[in-house]
Amino acid sequence: MASQEKIRNIAIIAHVDHGKTTLVDEMLKQGGIYRENQATVDRVMDSGDLERERGITILAKNTAVHYKGYKINIVDTPGHADFGGEVERILKMVNGVILLVDAAEGPMPQTRFVLQKALELGHKVIVAVNKVDKPDARVHEVMDEVLELLLDLNATDEQFNSPTVFCSGRQGTASYGPDEAGTDLTPLFETIINYIPAPTGDENAPLQLLVSSIDYNEYVGRIAIGRVEQGTIKVNQDVVICDYHDPSLRQKGKVVALYTFDGLAKVPVQSASAGEIVALSGISDITIGRTLCAPDAVEPLPFVKISDPTIEMTFAVNNSPFAGKEGKFVTSRNLRDRLERELLKDVSLHVKEQGTDAFNVAGRGEMHLSILMETMRREGFEFSVSTPRVLTKVIDGTVCEPIERMVADVPEDCMGAVIEKMGRRKGDLLGMTPMGSRYRLEFLVPSRGLFGYRSEFLTDTRGEGIMSSVLDSYAPMKGEIERRLTGSLIAFESGEACSYGLFNAQERGTLFIGPGTPVYAGMVVGICSRNEDMTVNVCKKKQLTNMRAAGSDEALRLTTPKNMSLEQCLEFLADDELLECTPKSLRIRKRELDHAARMRQVMKKRSQE
């Protein structure tokens, strides 16, 4: 058991793709976690299938390495603003943070968001400039940008004079100077041990442990993770669970199993004292933000209030003609249980029931909700979702909407297109900074102005642009923003799509389906080139007669259908459409499937206008 002076608790924070998980990999290797002949995996902390596929971290995870008799507990955090709720609560477990910055890109909006939270808690900061071996690294300019950021965020003098190390996560090297070549990560480990303080907390005081994270296991149920603030926690100990924001809560519980982190494993222990990060099981309904106390001294610890969600979608039972054919879990009860289970471990998600078979699910951003949808699909759920809507607030009698700070890195010749599109989406240009042959543009834009923009942005910048955004503030509603300049091609009847019908339909726009795809009336089968919906009959077969003209049987050339990912489908959805998610397919459909009823609604709307 490491004594308190020999423990260091740190979190690694950075913008997405700046190399956090790769650096943790190297720290694990050099911290002696693996046997010499053990096979290792890249980005070992990204343990979820979705994380490995997308190359992003979604859930914050704990690990620990040993260096010269010290135990360093490390928390790897997500870099996407949509998972900011994960980061906010993790910071309560640690005494300092490593701020990782890409040597070419510099500090990005997400860096700013997480760093601000760390500075507010008074944590010590180590700046690590990563990827110094990149050909386009601009180490000295990036250092200036980090100092400007610290000034901007009102850092204290001590935080402003934070030590800096220069790393290459992929090569596993670090050095104290930008022009020195490192050999291993010793400079980083030394800086952590010398600069980050050991946790403080009286081992002999009554127990206090704040739950900052939840893990779930099929066999033992919920596992609470947190730092022992004071006292000692033991197996089979009786505790009282209380909540800072709910003084009436006083619940008895018992610690059945206790673990500490060592490398990638949880190690069972009999007791742990102040300063150690532990995982414990045995309390079935424990949630994040609760405090475990000794029964004779019940005193809850304050917990950071997680920022409110900014967008919501309606998850409903799938009621299309193809309902129940592909999914394993299709009823409203299945959907309710699954969403409630997600609430147990995701603090920034809110769920509200709407009627008998629909739920309003609110989250931090499109990505936050789309990851949940993708996970549910893979588990065998079948459901339908509506278009994303922003959540407004009434401030001083005015309805206000969330405004995002959006930063785009674009090639010089694509700048005009991006600025023009942002103008249409009610974005205000804040600044323009040249970076070599590229420009960094900064905008304040309403959250709903960014719905559906990502794929357009990639087209406008020929795939070379990088964009990211983070919630900045709330401001009065900015008026109407037009989302889509194209309509939908809608199937007229149910059946199987045929080459002849598709050939005639492809002249009207871009198709999503190929021959042999089953369709139903009211299903969206493509994008219409005009700004209106059009009904097409893709099931139409060629009538065979005994009078044939020469050349009438020429091969029909079909264009390749457009395959859309989950995010692209969400971006494409119009207000009168739903996305049908099943384990095998994604289908866009009209809310009203009947063609005649849809026409009546259109006529009614036109007469009102």
Side-chain angles (χ1 to χ4, degrees), residues 50 53-55 320-322 325-326 366-367 370 373-374 377-378 382 384-385 387 414 417 421 451-465 467 483-544 551-574 577-590 593:
L50 267 173
E53 275 174 35
R54 295 177 182 227
S320 82
F322 291 170
K325 287 188 176 179
E326 296 173 355
E366 268 182 303
M367 188 162 204
S370 70
M373 289 157 60
E374 184 65 48
R377 275 183 70 198
R378 291 179 182 208
E382 185 175 310
S384 68
V385 293
T387 42
C414 304
K421 290 275 170 70
F451 289 163
Y453 177 60
R454 195 170 293 273
S455 51
E456 248 180 78
F457 172 78
L458 287 173
T459 310
D460 290 342
T461 58
R462 301 190 295 274
E464 292 181 37
M467 72 171 266
R483 280 219 16 221
R484 224 170 84 186
L485 300 171
T486 52
S488 302
L489 293 177
I490 305 156
F492 178 68
E493 62 180 14
S494 303
E496 208 171 86
C498 302
S499 301
Y500 185 70
L502 290 169
F503 181 73
N504 290 325
Q506 72 184 14
E507 295 165 10
R508 310 270 185 271
T510 311
L511 292 172
F512 296 154
I513 59 169
T517 309
V519 297
Y520 52 82
M523 179 171 145
V524 175
V525 293
I527 306 170
C528 180
S529 48
R530 293 190 197 167
N531 191 3
E532 60 180 9
D533 290 348
M534 191 179 286
T535 310
V536 290
N537 192 353
V538 289
C539 305
K540 188 178 180 183
K541 292 194 170 83
K542 185 170 186 181
Q543 296 303 321
L544 295 178
S552 60
D553 271 348
E554 282 174 3
L556 301 176
R557 288 190 181 275
L558 294 178
T559 50
T560 312
K562 179 176 181 173
N563 264 335
M564 302 239 281
S565 67
L566 181 62
E567 271 96 354
Q568 286 172 321
C569 289
L570 287 175
E571 288 174 356
F572 178 77
L573 277 189
E577 291 171 353
L578 296 172
L579 175 63
E580 191 183 328
C581 295
T582 75
K584 292 181 184 166
S585 29
L586 294 167
R587 299 186 195 94
I588 298 171
R589 50 161 283 198
K590 288 291 177 187
L593 295 177

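All figures in this text were calculated on a predicted structure; none of them were measured in a lab. All values below were derived from every heavy atom in this structure, side-chain atoms included, with hydrogens, water molecules and symmetry-related copies excluded.
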For side chain to side chain contact (heavy atoms under 4.5 Å, CB included), just list the numbers for Leu502 and Val525, CA-CA rounded to whole Å, side-chain angles, deciding distance to a tenth of an Å, and then say yes or no. CA-CA 10 Å; Leu502 290 169; Val525 293; over 6 Å; no

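- Taking SG from Cys569 and CD1 from Ile588, the interatomic distance works out to 4.5 Å, rounded to the nearest 0.5 Å.
- For the salt bridge (Lys or Arg N to Asp or Glu O under 4.0 Å) test, no residue two or more places apart in sequence or in another chain qualifies with Lys562.
- Every side-chain contact (heavy atoms from CB on, under 4.5 Å) that Ala574 has, sequence neighbours left out, goes to Arg484, Asp576, Glu577.
- Scanning all heavy atoms of the two residues, the minimum distance from Ala521 to Ser494 falls at N-OG, 3.1 Å.
- For Thr517, the side-chain contact (heavy atoms from CB on, under 4.5 Å) partners two or more places apart in sequence, or in a different chain, are Ile513.
- The heavy-atom pair separating Leu579 from Leu570 by the smallest distance is CD2-CD2, 4.0 Å.
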Show me the donor-acceptor pairs, under 3.5 Å and distance only, between side chains in residues 528-540 and residues at least two apart or in other chains.
unit_1 : atom_1 : unit_2 : atom_2 : d
Ser529 : OG     : Arg508 : O      : 3.0
Arg530 : NH1    : Glu532 : OE2    : 3.1
Asp533 : OD1    : Ser488 : N      : 2.9
Asp533 : OD2    : Lys590 : NZ     : 2.7
Thr535 : OG1    : His595 : ND1    : 3.4
Asn537 : OD1    : Cys539 : N      : 3.2

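- Remark: Tyr520 OH is packed, more than 12 non-hydrogen atoms of other residues, nucleotides or ligands lying under 6.0 Å away.
- Once rounded to the nearest 0.5 Å, the distance linking CD of Glu374 with CD of Glu567 reads 8.0 Å.
- By the side chain to side chain donor-acceptor pair (under 3.5 Å) test, Lys421 pairs with Glu456, Asp460, sequence neighbours left out.
- When all heavy atoms are compared, the tightest approach of Met564 to Leu586 is O-CD1, 4.1 Å.
- Residue pairs meeting the ring-ring contact (aromatic ring centres under 6.0 Å, His included) criterion with at least one member in residues 521-543, sequence neighbours excluded, do not occur.
- Lys541 is linked by a side-chain contact (heavy atoms from CB on, under 4.5 Å) to Cys498, counting only residues two or more places apart in sequence or in another chain.
- Legend: ring-ring contact (aromatic ring centres under 6.0 Å, His included) pairs involving residues 494-513, not counting sequence neighbours, sorted by first then second residue: Phe512-Phe572.
- Looking at every heavy atom in both residues, Ala505 comes nearest to Leu511 through CB-CD2, 4.3 Å.
- Partners of Gln568 according to the side chain to side chain donor-acceptor pair (under 3.5 Å) rule, which considers only residues two or more places apart in sequence or in another chain, are Ser565.
- Partners of Pro518 under the side-chain contact (heavy atoms from CB on, under 4.5 Å) rule, at least two apart in sequence or in another chain, are Phe322.
- The heavy-atom pair separating Leu593 from Pro321 by the smallest distance is CD1-CD, 3.7 Å.
- In this structure, OG in Ser370 is found 9.5 Å from CD in Glu571, a value given to the nearest 0.5 Å.
- By the salt bridge (Lys or Arg N to Asp or Glu O under 4.0 Å) test, Arg587 is found to be paired with Glu326, Glu580, residues two or more places apart in sequence or in another chain being considered.
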